[in-house]
Amino acid sequence: MTVDLLTTSYYTSPRLAEIRSTILDVYSDVYADEIATNPFFSLERFEERLDGHVGAGGWGCVVAEVGAEVVGFTYGFTSRQDATTFKLCENMLRARWRKRGISRVMHDELMSHRREDRAELLVRRERPRLRALYERWDYQRAGEKLPFPDSPLYDVMVLDLRPE
């Protein structure tokens, strides 16, 4: 019997070129329905956001693989305007690998590299189960945000990375 192990790899902005196509492939898979129906989620718009996040500074990414298959990634950045908050932008897992704890492993690996005081993420309002998942991970709802004029409304969630 063969057992495939989960591995994670951490990347920073100078190494984005190595994993850019991987990130785009996973995004295209996970967001296939939204890409087909909503311009905000198009691959082009995602690439614009990705480039903006990388350019903001403090970018980090974890890619997860099982065997030779990339199963997901998570990334975020720290802006120069607020060096105390790590903005978690994506925590994305291919459908067949969900509900196995991999998303949490990716998240925790990424957070282990961070030195900020808190992490912040956005969850679409129409995804209460996803919001509940992050609440189980100790994130707390801190408000709502419309980050772009054509984006969905998001709940802002915050995690204290330096609990006392």
Side-chain angles (χ1 to χ4, degrees), residues 4-36 38-98 100-124 127 130 133-134 137 139 145-152 154 156-159 161-162:
D4 291 329
L5 296 177
L6 172 70
T7 58
T8 59
S9 302
Y10 179 72
Y11 299 87
T12 56
S13 56
R15 297 183 59 202
L16 173 61
E18 294 175 40
I19 59 168
R20 186 179 192 95
S21 64
T22 297
I23 290 172
L24 297 177
D25 286 346
V26 173
Y27 180 88
S28 296
D29 183 20
V30 171
Y31 276 91
D33 292 340
E34 289 92 341
I35 288 170
N38 186 333
F40 177 77
F41 292 105
S42 72
L43 193 55
E44 295 77 20
R45 289 289 301 281
F46 174 71
E47 287 189 86
E48 288 172 11
R49 290 189 298 274
L50 173 62
D51 291 340
H53 298 151
V54 171
W59 188 83
C61 178
V62 168
V63 175
E65 298 175 89
V66 174
E69 181 182 352
V70 173
V71 299
F73 70 87
T74 186
Y75 86 76
F77 69 97
T78 303
S79 72
R80 291 176 186 93
Q81 292 81 16
D82 180 7
T84 65
T85 303
F86 181 71
K87 301 199 183 273
L88 181 62
C89 300
E90 300 291 348
N91 192 8
M92 197 169 295
L93 200 58
R94 294 182 195 265
R96 78 183 204 100
W97 294 100
R98 294 181 187 151
R100 301 177 190 211
I102 296 172
S103 184
R104 180 70 187 259
V105 169
M106 293 188 312
H107 171 273
D108 290 354
E109 176 62 20
L110 181 60
M111 292 306 145
S112 77
H113 293 271
R114 306 315 308 175
R115 300 295 169 251
E116 296 82 6
D117 295 334
R118 72 192 62 78
E120 177 184 288
L121 59 81
L122 304 177
V123 177
R124 282 194 284 185
R127 300 237 170 122
L130 185 56
L133 171 75
Y134 287 121
W137 295 2
Y139 278 86
K145 185 175 187 175
L146 186 69
F148 300 94
D150 63 340
S151 72
Y154 290 87
V156 177
M157 305 202 63
V158 176
L159 173 68
L161 295 177
R162 306 284 165 247

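Throughout, residue positions are numbered sequentially from 1 according to the sequence presented.
In this structure, Y139 has its ring center under 6.0 Å from that of H107.
D29 and R94 make their closest contact through OD2-NH1, 2.9 Å (heavy atoms, listed as atom of the first residue, atom of the second, distance). F40 and D150 make their closest contact through CD1-OD1, 3.5 Å (heavy atoms, listed as atom of the first residue, atom of the second, distance). When all heavy atoms of C61 and I23 are compared, the pair lying nearest together is SG-CD1, 4.1 Å. A pairwise comparison of heavy atoms in T78 and T85 identifies CG2-O, 3.7 Å as the closest pair. Among all heavy-atom pairs drawn from P152 and P147, the shortest one is O-CD, 4.0 Å. Among all heavy-atom pairs drawn from S103 and N91, the shortest one is OG-ND2, 3.0 Å.
R100 meets the side-chain contact (heavy atoms from CB on, under 4.5 Å) test with W97, I102; sequence neighbours excluded. For F77, the ring-ring contact (aromatic ring centres under 6.0 Å, His included) partners at least two apart in sequence or on another chain are H53. Residues satisfying the salt bridge (Lys or Arg N to Asp or Glu O under 4.0 Å) test with R127, not counting sequence neighbours, are E34. In this structure, the side-chain contact (heavy atoms from CB on, under 4.5 Å) partners of V105, at least two apart in sequence or on a different chain, are L6, T8. Residues passing the salt bridge (Lys or Arg N to Asp or Glu O under 4.0 Å) test with E109: none are found, sequence neighbours excluded.
Atom CG of L122 is separated from atom NZ of K87 by 8.0 Å, given to the nearest 0.5 angstrom. Residue E120 holds its CD atom at 8.0 Å from CG of D82, rounded to the nearest 0.5 Å. The CG atom of L159 lies 8.5 Å from the CG atom of L121; values are rounded to the nearest 0.5 Å. Taking CZ of F73 as the reference point, atom CG of L93 lies at 10.5 Å (rounded to 0.5 Å). From T7, atom OG1 reaches atom CD of E65 across 4.5 Å, with rounding to the nearest 0.5 Å. Atom CZ of F41 sits about 6.0 Å away from atom OH of Y27, to the nearest 0.5 Å.
When each of R118, E116, R115 is paired with T84, the side-chain hydrogen bond (donor to acceptor under 3.5 Å, both in side chains) condition holds for R118 and for no other.
Using a 4.0 Å cut-off between a side-chain N of Lys or Arg and a carboxylate O of Asp or Glu, R49 and E90 do not qualify as a salt bridge.
Here salt bridge (charged side-chain N to carboxylate O under 4.0 Å, His left out) pairs that include residues 6-26, with residues two or more places apart or in two chains, are R15-E18, R20-E47, R20-D51.
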Test side chain to side chain contact (heavy atoms under 4.5 Å, CB included) applied to L146 and Y154, step by step: CA-CA 6 Å; L146 186 69; Y154 290 87; over 6 Å; no
Chi angles and distances behind the side chain to side chain contact (heavy atoms under 4.5 Å, CB included) call for Y11, Y75: CA-CA 9 Å; Y11 299 87; Y75 86 76; over 6 Å; no
Chi angles and distances behind the side chain to side chain contact (heavy atoms under 4.5 Å, CB included) call for Y10, V63: CA-CA 7 Å; Y10 179 72; V63 175; over 6 Å; no
Residues Y31, N38; criterion side chain to side chain contact (heavy atoms under 4.5 Å, CB included); working and verdict: CA-CA 10 Å; Y31 276 91; N38 186 333; over 6 Å; no
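Ring pair Y134/W137 is perpendicular by interplanar angle, where above 60° counts as perpendicular and below 30° as parallel.
For the pair S28/L43, a side-chain contact is recorded, criterion being any heavy-atom separation below 4.5 Å from C-beta on. Counting heavy atoms from C-beta on, the side chains of M111 and L88 come closer than 4.5 Å.
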